There are 2 protein chains.
Amino acid sequence: MRYKLLPDGGRQIMAYLVPGDFCDLHVSILGEMDHGIGALSACEVAYISRRTFEDLTTNRPAITRALWWATLVDEGTLREWLVNMGRRPADQQMAHLFCELLVRLQSVGLATQTSYEFPLTQAELADTLGVSDVHVNRMLQQLRADGLITLQGKRLTIPDVERLHEFAGFDPNYLHLTKRRGNGNDRASRNGMAQS
Amino acid sequence: MRYKLLPDGGRQIMAYLVPGDFCDLHVSILGEMDHGIGALSACEVAYISRRTFEDLTTNRPAITRALWWATLVDEGTLREWLVNMGRRPADQQMAHLFCELLVRLQSVGLATQTSYEFPLTQAELADTLGVSDVHVNRMLQQLRADGLITLQGKRLTIPDVERLHEFAGFDPNYLHLTKRRGNGNDRASRNGMAQS
DNA sequence: CGTGCCGTTGAGCGTTGTCAACCAGTGTGG
DNA sequence: CCACACTGGTTGACAACGCTCAACGGCACG
């Protein structure tokens with residue numbers, strides 16, 4: 001995840017990273033990090049040396065373009081999150097996040113048609129959605145009571161994906177996933193390599 | 001501005017563009033726009049043809065890097081806005097926006113040390129901050145009463161910039177402006193051209 | 001068998017939203 | 001020159017959403 005800490009001790013989570021995502025392309029270009037990065041579950045991290053990066057961005061325009069593409073998708077996601085926080089009540093907001101994670105995890109082969117591992121605590125959800133943890137708890141119960149989700153142990157299941165989309169006002173176009181094959185492993189295209 | 005419209009008629013504004021900013025680098029890379037762009041005041045727009053763009057991104061790595069840099073700064077701004085909406089009450093949120101605009105407008109020579117033209121309506125502010133227009137009105141009055149801002153006609157003045165920063169919890173580091181000269185015209189560096 | 005994390009619940013309060021009305025300024029057409 | 005409509009800002013009353021504080025229970029871990 002990406003996050004920022006505030007003077008008053010508050011934390012705002014601004015992004016979730018799934019396998020295949022880049023976590024700090026910023027540093028190479030901007031020279032400085034303006035936020036923190038943390039792991040919410042076991043992670044495997046690949047390093048690209050500064051020299052390699054410099055080499056790629058000066059000599060390999062197609063790859064540079066693919067990396068740029070990845071940051072633009074991140075940007076699109078941030079915009080959608082902004083809409084989420086600004087214009088939707090907490091329950092729809094949470095439902096929207098669940099929809100997004102389903103699609104993104106499917107694209108890397110980490111979700112079935114209707115469910116995925118969900119290791120987040122309610123406090124972390126609260127720091128993501130900009131609401132209190134108590135309120136997250138109540139909204140979760142409501143979503144469960146309405147049959148929109150089930151959350152047992154660490155697994156989130158969405159019985160009727162279409163209905164949750166409807167409820168959350170979710171439209172995955174902002175993720176810029178290329179739609180083809182339905183086999184749940186679309187990683188190459190998500191990373192934009194295929195087009196370049 | 002960048003914005004999205006929702007099915008219920010709501011609008012969320014996700015970014016303000018000041019002179020020198022790029023408005024749709026996305027299209028060339030992502031191939032599709034996922035949000036709308038609108039003008040809030042008279043604008044002058046420069047077009048770059050697709051062919052020129054293709055040429056730049058394949059043959060001019062330094063310029064490509066500068067463009068990429070610009071999108072990364074936009075991304076940083078989006079993250080800060082997310083923090084703003086998630087973790088700050090409406091009054092501080094508005095103050096934070098005023099602080100950001102002061103710095104950004106100064107960097108393109110459109111603001112004095114303490115004031116700038118502010119053409120937004122309260123309804124537009126509301127759509128930016130994710131609150132109702134009535135509430136914007138009341139928070140504005142409060143900021144005025146506290147002597148943090150004055151807003152006469154279309155001009156916003158910040159009598160004590162340091163105090164407003166304090167109140168809003170504003171730290172301009174996320175804008176990645178290079179600090180040098182204090183003359184309020186720092187456009188070249190803001191666009192990242194100087195470094196490349 | 002303690003300790004700590006996480007989830008859950010209740011009560012009361014504060015911020016913010018909704019609805020509705022009103023006012024000032026501006027432009028328009030008769 | 002004067003209705004008229006329209007936009008943008010302002011105000012009041014009330015409801016609703018979400019927060020804070022506080023306590024408690026289950027569970028894993030040492």
Side-chain angles (χ1 to χ4, degrees), chain A residues 1 6 8-13 38-42 83-98 117-146 149-157 167-169, chain B residues 1 6 8-13 38-41 83-98 117-146 149-156 167-169:
Chain A
M1 62 163 175
L6 286 89
D8 65 4
R11 174 179 63 169
Q12 177 65 43
I13 296 176
L40 292 164
S41 58
V83 173
N84 213 21
M85 290 186 64
R87 293 289 142 195
R88 282 192 262 264
D91 49 357
Q92 291 176 34
Q93 212 179 325
M94 197 150 48
H96 192 279
L97 177 62
F98 293 157
E117 289 303 312
F118 189 78
L120 303 184
T121 67
Q122 294 184 358
E124 285 156 356
L125 260 180
D127 285 347
T128 306
L129 304 175
V131 300
S132 71
D133 49 358
V134 174
H135 200 53
V136 163
N137 182 289
R138 298 195 162 115
M139 293 301 101
L140 268 177
Q141 291 180 51
Q142 186 185 305
L143 291 180
R144 278 191 278 232
D146 294 347
I149 63 164
T150 63
L151 184 52
Q152 321 178 0
K154 292 278 168 220
R155 186 152 202 99
L156 180 79
T157 305
F167 176 75
Chain B
M1 62 164 173
L6 286 89
D8 66 3
R11 174 180 62 168
Q12 178 65 43
I13 296 177
L40 292 164
S41 58
V83 174
N84 213 21
M85 291 187 62
R87 293 288 140 195
R88 280 192 263 264
D91 49 357
Q92 291 176 33
Q93 213 180 325
M94 197 149 47
H96 191 279
L97 177 61
F98 293 157
E117 289 302 313
F118 189 78
L120 303 183
T121 67
Q122 295 185 357
E124 285 156 355
L125 261 180
D127 285 348
T128 306
L129 304 175
V131 300
S132 71
D133 49 357
V134 174
H135 200 54
V136 163
N137 182 289
R138 298 198 159 112
M139 294 301 101
L140 268 178
Q141 291 180 52
Q142 186 184 304
L143 291 181
R144 278 190 279 231
D146 293 347
I149 63 164
T150 62
L151 184 52
Q152 321 179 3
K154 292 277 168 222
R155 186 151 201 101
L156 180 79
F167 176 74

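Please read these numbers as outputs of a predicted model, since none were measured by experiment.
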Visitor: Expressed as a whole number of angstroms, how long is the span from A/Gln93:CD to D/dC17:P?
Guide: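 After rounding, the reported distance stands at 14 Å.
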Visitor: I'd like to know whether B/Arg144 forms a side chain to side chain contact (heavy atoms under 4.5 Å, CB included) with B/Ile149, so could you lay out the CA-CA distance, the side-chain angles of the two residues, the decisive distance to 0.1 Å, and finally the verdict.
Guide: CA-CA 5 Å; B/Arg144 278 190 279 231; B/Ile149 63 164; 4.1 Å; yes
Visitor: Among D/dA13, D/dT20, D/dT10, find the nucleotide with the atom closest to the side chain of B/Gln122.
Guide: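 The answer is D/dT10.
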Visitor: Using atom CD of B/Glu124 as one end and atom C1' of D/dG8 as the other, report the distance to the nearest whole Å.
Guide: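 In whole Å, D/dG8 C1' lies 10 Å from B/Glu124 CD.
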Visitor: Are the side chains of A/Asp91 and A/Arg138 in contact, using a 4.5 Å heavy-atom criterion?
Guide: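 No, too far: nothing below the 4.5 Å cut-off.
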Visitor: Looking at B/Thr121, is its backbone amide N or carbonyl O close enough to the side chain of B/Glu124 to form a donor-acceptor pair, meaning the two atoms are under 3.5 Å apart?
Guide: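 Side chain of B/Glu124 to backbone of B/Thr121: a pair is present.
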Visitor: Using side chain to side chain contact (heavy atoms under 4.5 Å, CB included), reason through A/Leu97 and A/Gln93 one step at a time and then give a plain yes or no.
Guide: CA-CA 6 Å; A/Leu97 177 62; A/Gln93 212 179 325; over 6 Å; no
Visitor: Rounded to the Å, how far apart are A/His135 NE2 and D/dC19 P?
Guide: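 It works out to 6 Å between those atoms.
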Visitor: I want to check one thing: is the phosphate of D/dG9, taken as OP1 and OP2, less than 4.0 Å away from some side-chain N or O of B/Gln141?
Guide: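 So the side-chain polar atoms of B/Gln141 never come under 4.0 Å of the phosphate oxygens OP1 or OP2 of D/dG9.
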Visitor: Separation of A/Arg87 atom CZ from D/dC17 atom C1', in whole Å?
Guide: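 Rounded to the whole Å, the gap is 15 Å.
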Visitor: For the pair made of CG in A/Asp133 and C1' in D/dT20, what is the distance, rounded to whole Å?
Guide: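 Those two atoms, CG and C1', are 10 Å apart.
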Visitor: Heavy atoms of chain B, cut-off under 4.0 Å: which first and last nucleotide of DNA chain C, 5' to 3', fall inside that, if you could look?
Guide: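 Footprint of chain B along DNA chain C, 5' to 3': C/dT16 to C/dC19.
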Visitor: Just checking B/Ser132: base, sugar-phosphate only, or nothing, at a heavy-atom cut-off of under 4.0 Å?
Guide: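 Contact class for B/Ser132: base.
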Visitor: Please report the distance, rounded to the nearest Å, between CE in B/Met139 and P in D/dG9.
Guide: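 These atoms are roughly 16 Å apart.
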Visitor: How far does CG of B/Leu140 sit from NE2 of B/His135, to the nearest 0.5 angstrom?
Guide: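 Atom-to-atom, B/Leu140:CG and B/His135:NE2 are 10.5 Å apart.
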Visitor: Return the set of residues passing ring-ring contact (aromatic ring centres under 6.0 Å, His included) with B/Phe98 (not counting sequence neighbours), or none when no residue passes.
Guide: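 B/Phe98 satisfies ring-ring contact (aromatic ring centres under 6.0 Å, His included) with B/Phe118 once adjacent residues are dropped.
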Visitor: In this structure, how many angstroms lie between the C1' atom of D/dT10 and the CG atom of B/Leu125, rounded?
Guide: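 Atom CG in B/Leu125 sits about 15 Å away from atom C1' in D/dT10.
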Visitor: What integer distance in Å separates A/Arg138:CZ from D/dG18:C1'?
Guide: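 In whole Å, D/dG18 C1' lies 10 Å from A/Arg138 CZ.
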Visitor: Please determine whether a side-chain nitrogen or oxygen atom of B/Asn137 lies at a distance below 4.0 Å from atom OP1 or OP2 of D/dG9.
Guide: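 Negative; the distance criterion is not met.
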Visitor: Please determine whether a side-chain nitrogen or oxygen atom of A/Arg88 lies at a distance below 4.0 Å from atom OP1 or OP2 of D/dG18.
Guide: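 For D/dG18, OP1/OP2 do not have a side-chain N/O of A/Arg88 under 4.0 Å.
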Visitor: Would you mind listing every salt bridge (Lys or Arg N to Asp or Glu O under 4.0 Å) that reaches into residues 126-135 of chain A, with sequence neighbours excluded?
Guide: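 Checked against salt bridge (Lys or Arg N to Asp or Glu O under 4.0 Å) - neighbours excluded - the pairs reaching residues 126-135 of chain A are A/Arg11-A/Asp127, A/Asp127-B/Arg87.
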